[in-house]
Amino acid sequence: MAERLLNYISGGWQPSAAGEMLPVLNPASAVVLAQVPLSPAADVGRAVDAALKAFPDWRRTPAGERIQPLFKLKTLLEENLDRLARTLTNECGKTYSEATGELRRAIENVEVACGIPSLMQGRNSEDIASGIDEHMIRQPLGVVAAITPFNFPGMIPFWFLPYAVATGNCFILKPSERVPMTSARLFELLELAGFPAGVVQMVHGGRDTVNALLDHPGIRAISFVGSTATARYIYSRASAAGKRAQCQGGAKNPVVIMPDADMATTTRILADSAFGCAGQRCLAASVAITVGDARESMTEQMVAAARSRKVGYGLDKGVEMGPVISADSKSRIESLIAKGVQEGASVLVDGRGQSVPDYPEGYFVFPTILDGVPPQGEIARTEIFGPVLSLMHAATLDEAIALVNERSYGNMACLFTSDGANARRFRYEVNAGNVGINVGVAAPMAYFPFSGWGESFFGDLHAQAEHGVEFYTQTKVVVERWPRDWSRRF
Ligand code: NAD
C-alpha cells in the first residue's frame, strides 16, 4: 500500500488533520508511490507554536554548538546518498546521476553553514566619539519558513535550512506536494542529527498550507522558490503581513554561441543544459542564439545531440533524460511546441507524441528543437520548463546581447566563445544575475548567492552563503560608553 506521509512537528511524526490527500506518482510509470496530506492551518499553527517554544533556548545555544547537528547531518547525508537519490528519481523523474549531483549541492550548503561562528560575526568601531564604542551584532529573527518547488526536492530546502538554523532560527519547510517523499527521507535524517524539538519541522501541503504560513503572525520570514506567478503572489502577501521575503521565480535562459566557440564542446554542454533534468531546471538553456557563421555547424550538431539522447526511467542504465513531472506538464509542453509552430518556427527535432517501450504510462517528452523562433512571439518569452530548445540567430554579438536583454526574466545568460574580450563584454552588459562563460548551467556554488534578477527574483537578499546569513539575521547596533569617572561631563 502507498505510504501515507506524516508531518514532522515538535520532534515527532504526526498525522495531518487534513481531510484531503493527494497521490504522489512516479512520473516514469504513473505508479502511486505515496499519499501526501494537504495540511490545514491548524497543522501550521501547531508547528509555529512548537517553533516559538524552542526558539528562546535555541538562540541562546552558542553558535559552535548549534552547528554540531549540521556536522552530523553531513555525515548522514553522505551515508544515505544512494537511498535519497533513488527516492528523488522515483518521485521527480530525473536520472540517478542528476539526483546524486543535486544532493551533493545540498551537502555543500550544509558544509558552508557549518562556518556560521565566523560568518555570523558582527563588526565594531572603537572611539567613534571620545570614549564611545559602537558594535553591530547579528541576531536571529525567530521562526522562519520555506516553500519549495518540485524540480530540486533534495537541494532547494538546503538553500535555506542550514543557514536558518545555524544562525539560531527555528525553521519550517513546506515541500512541494508533487515530490514530498525526498523531504520525508531528509527529515528522517534531520531527526537523527539531533536538533532539539521544534527547531526543524516540516508541514506537507498545498495552497492553503502556504497561505497559513504567509498569514501566521508568529513567522518572521518566508523563503520561496517556484514559478514567477507564485513568487510574485507570495512576495506581496508575505510582505503585506510584515515578513521578510525572498522569492525566486521562473526563467527563460538564453545562451549565445559565437562562431569562434569550440562547437563540439559547446553542443555537448548545451545539450546537457537544455535537455538535462528534462529541461526542468530554472537554469536550463532555453533559447540558443547563434551569431554569424555559428548557425550552421551548431544547428547540425545540436540536432544530432537531441536525436541521440537516451530517454527513459532514471534508474535504468544508460538513461540520460527522464520524464517530465506530470501528465499536465507533458500536455502543456506539447501545446507550447504547437504554439511555436503556429508562430512560424520550424521543428527540427520533434519530441511530441513519443513513448518509452517499457514505460508506456510515463510522462515523456523527448528532446525538441525549434528553429527560427520569432523573438517577439509567445514561445520566445514563455518558460516552457521541458526539454525544448528554441534557436534564434543574430548577425553580431551586439544584436545577440540586445536579444538577451529584451527578456523580463534574468536568472541566467551564457556565452560560448574563445575570445576574452567578447566574454568580458557579455559579462558586463547582460541583464542576468547568474552568468556562464563556456558553462551551460551557471549554478553558483554554495559559497556564492544564487543571484536571479528581473522577474526571476523578488526581494533583495538571495539564497545561499552570506546572503542567507543576512536574510536570517537582524542587525543590532550598540553604542556604548564606560567612563572611569562618572563625575566628568560628557
Ligand atoms: P510552483 O510555483 O507551482 O510551486 C512552488 C511551491 O509553491 C509549491 O510548494 C506549491 O505548493 C506552492 N504553490 C503553488 N501555487 C501556489 C499558490 N497559488 N498559492 C500558494 N502556494 C502555491 O512551482 P513548481 O512548478 O513546483 O516549480 C517549477 C518552477 O520553479 C519553475 O518556474 C522554475 O523556473 C522555478 N524554479 C526557480 C528556481 C530559481 O532559483 N529561480 C529554482 C528552481 C525552480
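Treat the numbers as computed from the prediction; the structure is a model and nothing was measured. In listed order, ligands and their atoms are each counted from 1. Here, residue 1 is the first one in the sequence, and each next residue gets the next number.
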Original post:
Which ligand 1 atoms are under 4.0 Å away from a heavy-atom of Asn151?
Top reply: 43 (C), 44 (C)
Original post:
Applying a strict 4.0 Å limit to heavy atoms, is Gly452 in contact with ligand 1?
Top reply: no
Original post:
Where the closest heavy atom to atom 29 (C) of ligand 1 is concerned, which of Gly410, Ala284, Gly226 has it?
Top reply: Gly226
**OP:** Give a yes/no verdict on whether any heavy atom in Leu214 is under 4.0 Å from an atom of ligand 1.
**Re:** no
Subject >> Phe224 heavy atom under 4.0 Å from ligand 1 >> reply: yes
**OP:** Using a strict cut-off of 4.0 Å, indicate which atoms of ligand 1 neighbour a heavy atom of Val210.
**Re:** 20 (C), 21 (N)
Subject >> Check: Phe152 N/O within less than 3.5 Å of ligand 1 N/O >> reply: no
**OP:** Using side-chain contact (heavy atoms from CB on, under 4.5 Å) as the criterion, point out the one residue from Ile379, Leu391, Leu389 that pairs with Leu370.
**Re:** Ile379
Original post:
In terms of atom number and element, which parts of ligand 1 are under 4.0 angstrom from non-hydrogen atoms of Ile156?
Top reply: 42 (C), 43 (C)
**OP:** Consider every N or O of Lys174 and every N or O of ligand 1, then say whether any pair is closer than 3.5 Å.
**Re:** yes
**OP:** Looking only at distances, please establish whether an N/O atom of ligand 1 is found under 3.5 Å from an N/O atom of Ile234.
**Re:** no
Original post:
Just by distance, with hydrogens left out, do His204 and Ser39 show a side-chain donor and acceptor under 3.5 Å apart?
Top reply: no
Original post:
Any idea which part of Ile147 is under 4.0 Å from ligand 1, heavy-atom wise: side chain, backbone, both or neither?
Top reply: side chain
**OP:** For ligand 1, note which part of Asn411 has a heavy atom under 4.0 Å away: side chain, backbone, both or neither.
**Re:** side chain
**OP:** Could you tell me the residue and atom name of the protein heavy atom closest to atom 22 (C) of ligand 1, and the distance to it rounded to 0.1 Å?
**Re:** Thr230 CG2, 3.4 Å
Original post:
Tell me, which protein residue and heavy-atom name are nearest atom 8 (C) of ligand 1, and how many Å apart are they?
Top reply: Thr148 O, 3.3 Å
Subject >> Heteroatom proximity flag, Asn211 to ligand 1, N/O under 3.5 Å >> reply: no
Original post:
Nearest protein heavy atom to atom 34 (O) of ligand 1, by residue and atom, and its distance?
Top reply: Glu383 OE2, 2.6 Å
**OP:** Flag this pair as yes if the NZ/CZ of Lys174 is under 6.0 angstrom from the six-membered ring centre of Phe224 and inside a 45 degree cone about the axis; otherwise no.
**Re:** no
Original post:
Does a donor on one side chain and an acceptor on the other come within less than 3.5 Å for Ser326 and Asp328?
Top reply: no
**OP:** For atom 27 (O) of ligand 1, grab the closest protein heavy atom and report residue, atom and distance to one decimal in Å.
**Re:** Pro149 CB, 3.3 Å
**OP:** Report yes or no: does Arg178 have a heavy atom closer than 4.0 Å to ligand 1?
**Re:** yes
Original post:
Does Trp159 have a non-hydrogen atom less than 4.0 Å from ligand 1?
Top reply: yes
Original post:
Given Gly206, Ser227, Gly433, Ser176, which has its nearest heavy atom closest to atom 1 (P) of ligand 1?
Top reply: Ser227
**OP:** Distance to 0.1 Å, residue and atom name: give those for the protein heavy atom nearest to atom 28 (C) of ligand 1.
**Re:** Phe385 CE2, 3.6 Å
Subject >> Contacting atoms of ligand 1, where contact means under 4.0 angstrom from a heavy atom of Gly250 >> reply: 32 (O), 34 (O)
Original post:
For atom 37 (C) of ligand 1, what is the nearest protein heavy atom, given as residue, atom name and distance?
Top reply: Gly249 O, 3.0 Å
Original post:
Which atoms of ligand 1 have any heavy atom of Cys282 under 4.0 Å away?
Top reply: 34 (O), 36 (N), 37 (C), 38 (C), 39 (C), 40 (O), 42 (C), 43 (C), 44 (C)
Original post:
Judged by modelled atom types alone, do Thr230 and Ser227 share a side-chain donor-acceptor pair under 3.5 Å?
Top reply: yes
**OP:** Salt-bridge test for Glu78 and Arg104: reply yes if a basic N is under 4.0 Å from a carboxylate O, no otherwise.
**Re:** yes
Original post:
So, does Tyr233 sit close enough to ligand 1 that a heavy atom of it is under 4.0 Å from the ligand?
Top reply: yes
Original post:
Where is the nearest protein heavy atom to atom 19 (N) of ligand 1: which residue, which atom, and how far?
Top reply: Arg207 CG, 3.3 Å
**OP:** Note the single closest protein heavy atom to atom 40 (O) of ligand 1, along with its residue, its atom name and the distance in Å.
**Re:** Phe450 CE2, 3.2 Å
